[in-house]
Structure formats: C-alpha cells, structure tokens
Amino acid sequence: MSERYDHKAIEKKWQQRWQESQIFRAQEDLPAGKAGASKPKTYVLDMFPYPSGEGLHVGHPKGYIATDIYARFKRMQGHSVLHPMGWDAFGLPAENYAIKNKIHPAVAVEKNIANFKDQLAHIGFDYDWSREIKTTDPAFYKWTQWIFLQLYKKGLAFQSDEPINWCPSCKTGLANEDLNGNVCERCDTVVEKKRLPQWVLKITDYADRMLHDLDHLQWPEHIKEAQRNWIGRSEGAEIEFIVPRFKEILLASSNESKRARAEKLFKASGLDIKVHTPKSLGLTEIEADENGTLAENAEAKARAYSGKTSLPVLAIDTGFAIEGEDLDLARPKRNALGGIDENSLSQDEVGEKMLKFYQGIAKKHGGRVLAHWIDALALVLPDGSVERAEDSREVILTDIVHGEFDKFFPVRSLYISKTTGKPVKEETPEEEIKELEPMAWAQNELVSRPIKVFTTRPDTLFGASYMVLAPEHPFIPAMKASIENWDEVIAYISEASAKTEIDRTKEGKEKTGVELRGLKAINPANKEQIPLYVADYVLGGYGTGAIMAVPAHDERDFAFAKKFNLPVKKVIDQTKYLIFDFDGVIGDTLENALLAKVRMGFCRDREDAYQEMLTYANKKPVHIRNHTLSPEELQKEYDWTSRFGEEMRKQKIKLFDGFITEIRKLRNTKIAVVSSGSNLYVRSAVEQGKLSPTHVLCFEDNHSKEEKIERICKDWGVSVKDVYYFTDTKADVFELENFLSKERIFGCSWGFLGKEALESVLPKEQVLENFSDIHRVFENLHTDAGMLVESGSFDGLNSEDAKKKITEFVGGKMATTYKLKDWVFSRQRYWGEPIPIIHCPAHGAVAVPEDQLPVLLPEVEFYEPSGTGESPLANITEWVNTTCPTCGGPAKRETNTMPQWAGSSWYYLRFMDPRNDAALVGKDKEKYWAPVDVYVGGDHAVRHLIYARFWHKFLYDIGVVSTVEPFARLEFLGFILAEDGKKMSKRLGNVINPTEVVANYGADSFRIYEMFMGPFENTVAWNTASIAGTTRFIERVWRLAGEPLSEQPATVELEAILHQTAKKVGEDIEAFKFNTAVAQMMTCLNAMEKAEGIRAGQWKAFIRLLAPFAPHVAEELWERLGEPYSVHQAAWPQFDESKISSGTIKVAVQVNGKVRGSIELAQGDTEGEALAKARGAPGVAKWLVEGREVKALYVPGKIISFVVQ
RNA sequence: GCCGGGGUGGCGGAAUGGUAUACGCGCGCGACUCAAAAUCGCGUCUCGCAAGGGAUGAGGGUUCGAGUCCCUCCCCCGGCACCA
C-alpha cells in the first residue's frame, strides 16, 4: 500500500456507504422481547442550529464532532445510540434575513438548511437523518401549539397588559431574557416600555423546582451558577410600614373618653394624631347658602348633617377622617340645598342637588374642596381621568360627579365583633364587641396607608431610618394630595423613567432621589417616624418596589444616607470574640519555659536557656507544672524533652508566631485571653503591641490569682470588669456563661485544659483548632450578620434568630422573591408559531380545539412588522376572522406569534419519535430514550436551558414525560475564534469555511484538529498552520498501515502502551477530554513506528480506537485488513489493567525533596529491596553520605524519598 | 461590587500531592535531493564549561515532597450587576 492517502476519494466512498447501509439509524432496543437482552441506550444531542444565511464556519462543527465521536464510541461499546440533527428555523433572525434579502422566510430557511446539510455532509457525521426535524414544519409546531394549550388550560399561560420591553427596531415585544441590560440583544436598540396585550407564561411557578433540581445535574458549574443567578432567589421577609394620612382626625362621637382612648391607641402605634370630636371643635352645623357661599367661621368653614349625627366634615387645615360605620354621608343642611325635603326625592336627585352644592363651594372657594366632603364622590380631574375622591383632598376640582356611596367610602369600625371579627353592627350586644389592637387602629385605611417592603435583613429593622420607593411605585400618585413637593417629585419620576437602566448605571451609581415631603412612615419595630424618598436605586420590578433603608448595614442605603444627610443607626454588632487559651499553646512545661527565654531574647538558644535555669535551680527550687524539681530531676526532664520534644517544640513556635500573625489581621474581633497572666509569650506579644486583649478569662480553680490578674489587666489596658473567672463557684460559672451566651464567640486552644474547658461551654464548632479555621470564621463569614444591639428586647440575639422573631413581632411574614420574571411569550412578528387562541366577544380568549391543530401560519405577501404593536398577521382578514369554538359566533384569531425559544424548548423530545401523529412523543419511545444523556452546546446557557427545563417540568407534571429534567449531562462548548483572535464574522472577513478546510486537509484531519486544539470547553483561536500536525498524523497512520504486520510475540513495552492507550482514549472520550485522547493516540503511534514489529491484534485495536475520531481512514484501513464492515460496529477494544505497566517501573529518588536519580524496580520488589536499590543508585549515594539519614519513605510506584540532616 | 473559572515554554496546551513542560505547532541543525517540497533523524524553559542552581502570576503556609492543598495580593476570561 504505497499510494498516498487520497482523502477525497476515501471520504466520498465511505460517506456514501454509510448512507446506503443506514448503520447509524437509531433503533429502540425496546425491552419488548423481555429476554433481558436490552442494550444500554445513549442519547447524544447537539443544540440544533438556526440555519442562518451565512452558513457554517469552522466553529460550528466543533460540538458536532464531539457528539459524533461520543456517539460512535458508545455504539462500539454496544449501546443503542440516538444522535439526531434538526433545525431551529423560526424566529427573528430568519425573518429579518428574509426581509433584507426580499425572500420569503420559508424559502430562505429551506435554502439555508440545504446549504448547512451540504456543509455537514463533508465532515462525515453519523447523524440519523431519518429523524430530522425542523421547528417550522406544521407537523412539528402542531405540538408546540399543543403544549401552549396545555399550559393555558393549567392557568400557566395568561394574558396581561403589564408594560413589556418593546424593541422599536425589531418592532416586537421581548422577554427579559432577550435583553442585554436594557438593549435588544439582536440589534442593540434601547428597548422601551410599552403596554400591549401579551401572553405570558408563568415560569415563576417553577422557579423553586428549577433551582433545586440544578444540584442533581451533571452540568458545568458556571452554567448552573448562571441559572441560579437568573432565577435569583432570595429569602427574606415582607414587612408593612404604615404612613399616616392625617395629623388630625375627627371622631363621629363626642364622647371624651373615646377620644382620649383613640389618641392613646394611635400614640402606641407611633402615630402622632390629634383626635377631635365635633364638640371639642365647637362645631355644630354647616352654614352655606344654596349658592355654596359659606358663612364665616373661625375654624370650620362648613358643617354638614347626616341622618343620625350632626357633625362637621369640612377640614380645617389638615383634613379629618370620620369614624363610624353608621355614618352615611356628610350632607349639607337642608337649607343649603335650597330647602328641599330629601325624603321626597330619589337618591339620584339628592345626589344631583348635592353635586351642585359641592360644585358651588368649589367654585367660590378657589376650587379646593377637602376629602370628606366628597368621599362619596369621584373626581373628574383636569385631564379627564376619574379619581377616587378620598385620595384627592387637595385636587383642584373642575367637575364633581355623583358616585356610589358604599364603594367610595371605606369606613371601618374601630370595634369588631368578637364572634365574626367584622365591624360591629348597630344591634351587636355590648359584650360581643371587641376593641381592635392599637396596630389595627393605626392600620385602618382611613388613618393610614401601608407600604410593603421586601427585605432579606429583617434583623436590621430597628436600624431602618428611612424608606425608599421606586419611581414607578403606585403609592406615590395615590398620595399626591398629601405630598407637599409634588412638582419636584413628579419631575424626578418623569426624569427617572426617561432614563434607561443603562444610563442609571452609567452615572457611576451616584445616588439620586427626592423626599416625599409631608409624609412620614412609621417604623413598625420602634414606632419612629421616618422620612420617605423616591429614588431610582430602588427598582419597581423587584420585590415590592419599596425598601426600608438601613444605612448602617447596606452599602447602597449608606451611600444614599450620606448624600442626603440621613441618620445612620447601627443595630448589628459585628464584633466577634476570640477566646484564646495561650497557656494551652505555650503551657507550663520546662520546654516552654526554655523557649520563652529564647523568644524573649534573654537567651541565645535552648541550651543556653537550660544552663541558665540549671544555675538557678542550684540556688532555688524550680517549679514546673506545680512540681518542684531538683537539679537532678530537671536534668532528667531536660533529656526527656530533648529527645521527644523537638518536633513539638518546632511546631509550637510555628503555631504561636503564626497565630499572632493571623490574629492581628482580624478586625472587629475582641480577644479574650485565657491566662493566669504568667505566660511569657503572651506578655511579650502584648508588650510588643502585637496583641491587644480586651477581656481576660481566667480558667483557675479559685480566685487566688485575682490580684495578679488585676495587675496584669492594668498593664494590658483591659478593664477589670472584663475579667471573667472560670471557677467552680456557681456565680462565676453564671458570669462566664453570660459572657459566652453572646454567640459571636469562638474559642481556640491547643491545651488540654483550655480546650476541655472551652468545649464544656461552647458549641463544638466554635472551638477552633487551627489558624485556617480562625480565618475562615472571622474573615469569610458574612460580615453583615452579627449580634443585635439597639433593638429593644431583641438585643443580644444573633441575626439568624432575630430575622424570624422581628418579622413575627411586626406582623410581617417570611417571603421569597425571585429575579426571574414570567415569560413574555407574544411576538408581534410573522415568522413564528401562531398562538392557538381565538378571541370571542362573548367568551373572551378561547383555546383552539386540539383536533384543529395545527393553526397554520398563513401564506402572506407582506410580512414586515407593522410597528404599531400589531402582528403582521392582523392584516390578513380572511385568516383572522373565524368563529368561536364555544358559541360559533364571529371571532378573531390571536395574531401574535410565539418567540423563537418555543420550538427549542421541547424539540429534543421529538427526536425520540419524530413522525408520531397522535402524540408529541410516544410513551414507550420516551421511556426508552429519555433523558438526553449528553447535551452539547455553547451560548444560550441561560435562556434556552431555562425555558426547556420549564417546559419539561410542566410536561412531566401533566404526564407526558417521565423524567424531571431534560438533560442529564451538559457539556459546554468553547468557541473557535478567527486566526486574528476575533470573533468570526462575515463583516470582518475572517470566516473560515469548514468545507474548504476539509477539501484541503481531509475530514479526518479536520476533525482531529478541532478536538486537539485544546480542552473542549476552551475558547481557542483557529490556526490553519497547525492542521498540518493532524494531517501528518493521519498520513503516518496510513503509511504505517502499509508496513507488514509482525508474527513475533508482542514486546511488553508496546503492549503496555497499547493498553494504556485503550484505557486513556476510552476514559477521555467519556470525560470529553478529546485533546488528551488524541495526544495519547499520537504517543501510541510514535511508539508503534519505533517498535520492532506490530502484531495484527495490536494494529486492529489501534484502528478501532482511532475510528470515532477519524472514521473514514479507520473504515478504509479496517476494510483493507479484511475485517467485515463496519469498523463503527466493531467492539471497542478492552484493556487489561495488568498489562498497563511493562514489568519494571521507573521510580524517582529524592533526597531532601530534590530529585537525585531514578531506579528501575521490578514488579515484585519489596520496600526493603526498593530502598536498598535507591541508596545505591548513581547520583543518590553521594547525597546520602553527606548527612545523617533520618527518614526513608517509599511510596510504591511513585517515589522514594530520603531525608538527611 | 458579587458569583464562577483561570494564570505553566515563542504558541495551543499536558500533569490521581510524587522525575513540571506530555502531545502538537513553530523554530534550529542534520540526512535524502542537482535543487525545492514532502519525509526521516536530532535538538529546542532558563543560568552554567561542568558539578549544579533557578523557573508553573507575586508573596507566605502545610508537607519528606506543592503547578496541584491553605492564606493574602495582582491580573485575565465568563456570568450577574443599585436585586433590598
């Protein structure tokens, strides 16, 4: 075989043969035979491409090659493999392409698909084309529509006209996921908010499950993290703050005790409200003539009259609320209405009269009429809109219309029935009546307005010193009448809404905002009145659109507070205590005493210190650990510690120095020293200013050292009250426990006594044993958590506990919010699946009956978007006009279409059963193939995957699929950049066409090159010059195939390499480490070229290993070896673990950590033999004689290591 | 800012805590050739004549032994980003 490898001819030959023989057709090996011979299955899937007009560049096939290799590998391992391909052909890009090139999108898509398929064909993929699908095929989108209908039936698809993102360039609404920040991801146009009727899918219902199930998926961490980010779950609490509406309130009753009681109750809720009674104001009746002219009155400008009680209802300055459900309506006196007898008139007629009366007053008195006059009325504002009167006390009236009283006058009794819990009725017996809690008074709608906030830190509630509302918060217009600086506020709001979020961010996060003057909120925890602001750093779309601001414990709030000079109140003490038992580290042993002398600089070395101590011992007894030692005993002790204590000694010095270093890094940490104070190390550290203890804990069994401790405290600057004795007297234990009950305490000790003591009073996890623990606990802990201070009865609690307790205390509830928003599912474009809904004037939105699916996308001549927010389909009257499935009456079709992501959210299911007419996937087939075992792709990490997971979980819930997750394993594909390191694009002219590469270098070479470029998930620049390497590799294989095979027994070495290769290639393919698999095959080839001879079995094994990577050349060589077609159906080579090593092992020999030589070890060598060989090894012996050998280490198969001194 | 992943020759990159730089590209030298291409062989981190020494972003720690584990800092890539 001396001819050159003719890749063109050979590739063509086998590509044809594969197609004809259909060997890659996926076959369900259904366990129908039940003989138990069911093959394992593997479903390998690429993210199906959108067939763009640009065609494929070399980056696209990278993933396809990987799945192709994987699929071929699995097939050779005896799996039944599904490896399909299809087209994601709906969507904006296809439509925009069509508009630009003046081709119908359907035509363009067909053309592009043909082009793609042609390009793919040259690379030699094993796709099962019999299962090809495309999302634009009615037989496919019938089921996309079907899924939509199921969602609709379960209430998960609903209509909404909330403002959505509108791209003025693409002329369609977009989902949040379709944006980059605030610009359309397709055209970089800044999106606008537009109110359009939209279909929305309730993806948020699945947020928790999608989050939770991520943990079980074999996906790259960064993709899981992106999903978690996007779902953005945060746990916290919803808490209501109330904003009082009035400074003064008028009670309907003139009962003085009631008045005092009301005032007291308001006060208890933090409301500073003056309560009046008609009597206290000296008001009796309204005085106005029929023209609306009010009589002069120093305080009241009018009075009114009601069926039961005469009372004034016109405000003096600040407005009033009226209590009492028996109060109908504040009415003018009969003479003010022209002396009519109301009873002779109908209610409407009375209304007419009163309307005129009110209008008269409004006209005469500057048009200002205060609320209670008009609680029963609605206001027509200058712009024509109607507003509820009760919210508009200072609105200028141009007109007043009569309204339904009950609807507009929400009076609540301050008394409720004990049994029903409802406001009392007149006939309710006294003993049945229960007064509402103070808070309920305060929360009465007449008295206050609530603002709900979401916070993750309810534990900081006592530190909330102001509130901030998002500019779009509805509270602001609702309270317009009470806002003193309305002009300023409305100016800020309109400015903020004109700014895009990008602008907001660009402005360097400089905080802006405006106070809502005239309003105060009540902090529910401490009843303090706090100001309200509107500021754009609070987002309308997240949480409740309002926050409580805790500047002391939130960065953003802090920045804002600083700018607006707002109080910062610290309520979390982040100080942590570290209890440290120094005596435990440097205990009272001889060794430590000696070391202390050295460290203190009194002695040169240990020996020196000992001599000094010995001199001392000869004069006076030496005390060590409460023992008195004679000089002889001292000598004994010294010898003993010299022998056994060296290691310990070294360690202790390290420990102590290390500890001091670490502890000095700690901030917000108070250090309690456990010490009798005699320890020289501690003293030296304190004296050198390295350590500043704040507390001293004395673990002594009596107070005998009290005096000494106090002296030391003085030296150290520790207050005596911060000394705690730990003795067995109850009082002391109590005191210590008191100190230790602060949960920010950690103990650290290496001494037996100290450690035991600490463990007896601290939870085990708070007793630390080494520096890294200390560091972890003190630096990496959430710095925001801590112990509560200045928080009333909650002082001393830790953040975690306080969260629940404070939330409960203020009547809030624990809540969870998500960043994920419901999926805006309508597109005002032509090229998408029609939404199968019919709008009937009588029955509203009606689902198209399932037997009428698919709703075909009509043929049109003009498919350009209208730009008005109407779909182009709206103009096709013959399509739009239909009949209602419910009543048969005339109705209109929904004209919006689905987004591009619809089809791709379930297509992987269709591949399992692509031609099924009765179901989107047959149950048996689904059970056989699901889930996708390996899913390969890049990009789309968030959107496509989140949408598909959502739909899949829904399909699971309605019993269509049997797995909770669609993609068991995901492999992320790194992109290929152009040779210039930039993204490949037609515009930059740096696109490399795979068809050309294949033509020049061959498909197998191309495939191997793409796999060999680097780790699969890496983004690497294309380098045409480097393909030469893989081309050479293929050609060398070809050439070696021309050599005669050997009849000789295989050499151990070559056999070993082959088994290693079989092992590594298989493992690497499984792990998607194709680059190292290729490297191993190259190594193997190098070895085979150098070998004396290759046996037939070895060569055949190699060809099979190569087959998934280079299917054409492998197939050709396989045939030439006389083996039956096809190599891709041959069995994957097994390896023999015992043959992986070649009998002798080369082992390195280290001396003091440096490699000095290496030896050959035979399989059966014992440790002794190995060490003996190593000692005699060239280059090693010389290093061993130079020093005293103290340690010899043998790690079998790895290394021999000597330590010498 | 937060989260995730990284930082190793001229380049892409290899390395269960065990001889760093496998494999490939590029480059240099040589063989074959009239010559070129192709192919084959040898060499290719760095300082040093050598013995040896030094290098995996910087610094420190643990270990007989660290690219790999721990800590601090710097830089790059990706995601999120005023998310309460």
Side-chain angles (χ1 to χ4, degrees), chain A residues 4 181 220-230 232-234 236 453-457 460 468 470 501 504-505 507 509-511 535-539 541-550 553-557 559-560 654 658 661-662 665 770-776 779-780 817-819 941-942 972 974 1008-1009 1012-1015 1017-1023 1025-1030 1032-1033 1035-1036 1039 1073 1075-1086 1089 1146-1158 1182 1190-1193 1195 1197-1204:
Chain A
R4 270 189 68 98
E221 197 47 49
H222 72 275
I223 292 185
K224 290 202 213 180
E225 200 54 35
Q227 297 242 324
R228 288 191 193 105
N229 258 330
W230 196 266
R233 180 193 157 98
S234 11
V453 304
F454 174 76
T455 177
T456 54
R457 296 297 308 276
T460 63
V468 186
E501 272 169 46
R504 287 192 200 179
T505 320
E507 281 159 19
K509 294 185 184 178
E510 174 77 10
K511 298 281 181 290
D536 64 8
Y537 85 91
V538 172
L539 309 173
Y542 183 77
T544 61
I547 61 154
M548 62 180 219
V550 186
H553 304 290
D554 182 280
E555 227 176 282
R556 296 149 301 170
D557 297 344
F560 190 85
K654 273 187 184 170
T661 314
E662 291 295 325
K665 292 181 193 162
N770 58 52
F771 308 138
S772 52
D773 282 355
I774 293 174
H775 217 88
R776 178 175 53 76
E779 291 296 301
N780 295 344
T817 58
Y818 300 91
K819 279 197 265 181
V942 173
F972 185 80
I1008 293 178
Y1009 172 67
F1012 189 57
M1013 285 176 84
E1017 68 280 4
N1018 275 23
T1019 296
V1020 183
W1022 179 264
N1023 180 5
S1026 290
I1027 308 180
T1030 52
R1032 254 172 241 157
F1033 172 69
E1035 278 167 1
R1036 279 164 58 205
R1039 220 174 304 131
K1073 287 159 74 175
N1075 56 331
T1076 50
V1078 172
Q1080 181 64 38
M1081 287 191 289
M1082 288 173 167
T1083 307
C1084 184
L1085 179 69
N1086 291 347
E1089 281 177 335
K1146 214 171 149 196
V1147 169
V1149 182
Q1150 292 185 336
V1151 179
N1152 282 355
K1154 293 230 181 298
V1155 179
R1156 296 301 178 186
S1158 68
K1182 141 179 158 192
V1190 294
K1191 197 168 184 177
L1193 212 88
V1195 186
K1198 305 274 185 194
I1199 205 154
I1200 291 167
S1201 181
F1202 294 103
V1203 185
V1204 298

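Excluded from the calculations below are hydrogen atoms, water molecules and symmetry mates; all remaining heavy atoms, backbone and side chain alike, are included. Owing to the predicted nature of the structure, the values given are computational and were not obtained by experimental measurement. Convention: sequence-line order gives letters A, B, ...; per-chain numbering from 1.
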How would you list, by chain and number, every residue that makes a side chain to side chain contact (heavy atoms under 4.5 Å, CB included) with A:N1152, sequence neighbours excluded? A:V1203, A:V1204
Mind checking salt bridge (charged side-chain N to carboxylate O under 4.0 Å, His left out) for A:E1017 and listing every partner two or more places apart, or none if nothing turns up? none
Calculate, to the nearest 0.5 Å, the distance between atoms NE2 and CD belonging to A:H222 and A:E225 respectively. 11.0 Å
Atom P, compared across B:C42 and B:C25: separation rounded to whole Å: 14 Å
Any strand, both distances under 3.5 Å, Watson-Crick or G-U wobble: B:C25 pairs with B:G10
Mind checking if A:R1036 touches a base, just sugar-phosphate, or nothing, with heavy atoms under 4.0 Å? sugar-phosphate
Is there a side-chain contact between A:K1154 and the phosphate of B:G54, meaning an N or O under 4.0 Å from OP1 or OP2? yes
Got a sec, which residues hit side-chain hydrogen bond (donor to acceptor under 3.5 Å, both in side chains) with A:T455, two or more places apart in sequence or on another chain? none
Taking any heavy-atom pair under 4.0 Å as a contact, classify A:R1032: base, sugar-phosphate, or nothing. sugar-phosphate
Same-atom distance (P) from B:A15 to B:U62, integer angstrom: 29 Å
Does A:I547 or A:L1193 map to a spot on RNA chain B nearer the 5' end, using the closest nucleotide for each? A:L1193
Taking a pair as Watson-Crick or G-U wobble with both distances under 3.5 Å, which nucleotide is matched to B:A51? none
Can you tell me, in whole Å, how much space there is between the C1' of B:A22 and that of B:U56? 15 Å
Under 4.0 Å, heavy atoms only, any strand: does A:E225 hit a base, just the sugar-phosphate, or nothing? sugar-phosphate
Name the nucleic acid region contacted by A:V1195, choosing base, sugar-phosphate or nothing; use a 4.0 angstrom heavy-atom cut-off, strictly under. base
Please enumerate all protein N or O atoms sitting under 3.5 Å from an N or O of nucleotides 27-29 of chain B, with distances to 0.1 Å.
none

Applying side chain to side chain contact (heavy atoms under 4.5 Å, CB included), name anything that partners A:K819, two or more places apart in sequence or on another chain. A:Y542
Can you tell me the pairing partner of B:C69 across any strand shown, Watson-Crick or G-U wobble, with both distances under 3.5 angstrom? B:G61
Ignoring backbone atoms, establish whether A:S234 has a side-chain N or O less than 4.0 Å from OP1 or OP2 of B:A84. yes
On a whole-Å scale, what distance lies between the P atoms belonging to B:G67 and B:G17? 13 Å
Note: A:K511 and A:A559 closest approach over all heavy atoms is CG-CB, 4.1 Å
Calculate, to the nearest 0.5 Å, the distance between atoms OG1 and CD belonging to A:T1030 and A:E1035 respectively. 10.0 Å
Counting only distance, no hydrogens or angles, is the base of B:C82 paired donor-acceptor with the side chain of A:K511 under 3.5 Å? yes
Could I get a table of every N or O pair under 3.5 Å where one atom is in the protein and the other is in nucleotides 5-14 of chain B?
from: B:G12; atom 1: O2'; to: A:M1013; atom 2: O; distance (Å): 2.1
from: B:G13; atom 1: OP1; to: A:N1018; atom 2: ND2; distance (Å): 3.0
from: B:A14; atom 1: OP1; to: A:N1075; atom 2: ND2; distance (Å): 3.1

A:R1156 side chain near B:G52 phosphate (N/O to OP1/OP2, under 4.0 Å): no
Using the test side-chain hydrogen bond (donor to acceptor under 3.5 Å, both in side chains), find all partners of A:S1026 that sit at least two apart in sequence or belong to another chain. A:N1023
Nucleotide of B:C80, B:A84, B:C40 approaching A:R1039 most closely (side-chain heavy atoms): B:C40
Integer angstrom distance from the C1' of B:G10 to that of B:C2: 37 Å
Contact class for A:D557 vs. all strands (heavy atom < 4.0 Å): base, sugar-phosphate, or nothing? nothing
Can you tell me how far CZ of A:F1033 sits from CG of A:N1086, rounded to the nearest 0.5 angstrom? 9.0 Å
Side chain of A:D554 - closest among B:C64, B:A84, B:U39: B:A84
Check the chi torsion on B:G61 and let me know: syn if it falls within 90° of 0, anti if not. anti
Tell which nucleotide pairs with B:A31, taking only Watson-Crick or G-U wobble pairs whose two distances are both under 3.5 angstrom. B:U39
I'd like the P distance from B:G41 over to B:U19, given in whole Å. 27 Å
According to side chain to side chain contact (heavy atoms under 4.5 Å, CB included), who are the partners of A:R1032, at least two apart in sequence or on a separate chain? A:A1028
When the C1' atoms of B:C40 and B:C47 are compared, how many Å lie between them, rounded to an integer? 33 Å
Under a 3.5 Å cut-off for both contacts, is B:C80 paired Watson-Crick or G-U wobble with anything, and if yes, with which nucleotide? B:G1
Whole-angstrom distance between B:C69 and B:C77, as gauged at atom P: 23 Å
How many angstroms lie between CD1 in A:I547 and CG in A:D554, if you round to the nearest 0.5 Å? 7.0 Å
Can you name the residues that form a side chain to side chain contact (heavy atoms under 4.5 Å, CB included) with A:A535, not counting sequence neighbours? A:V468, A:Y492, A:Y537, A:F560
Result for 5'-nearest mapping on RNA chain B, choosing between A:A546 and A:V1147, is A:V1147
Ignoring hydrogens and angles, are the base of B:C25 and the side chain of A:S1026 linked by a donor-acceptor pair under 3.5 Å? no
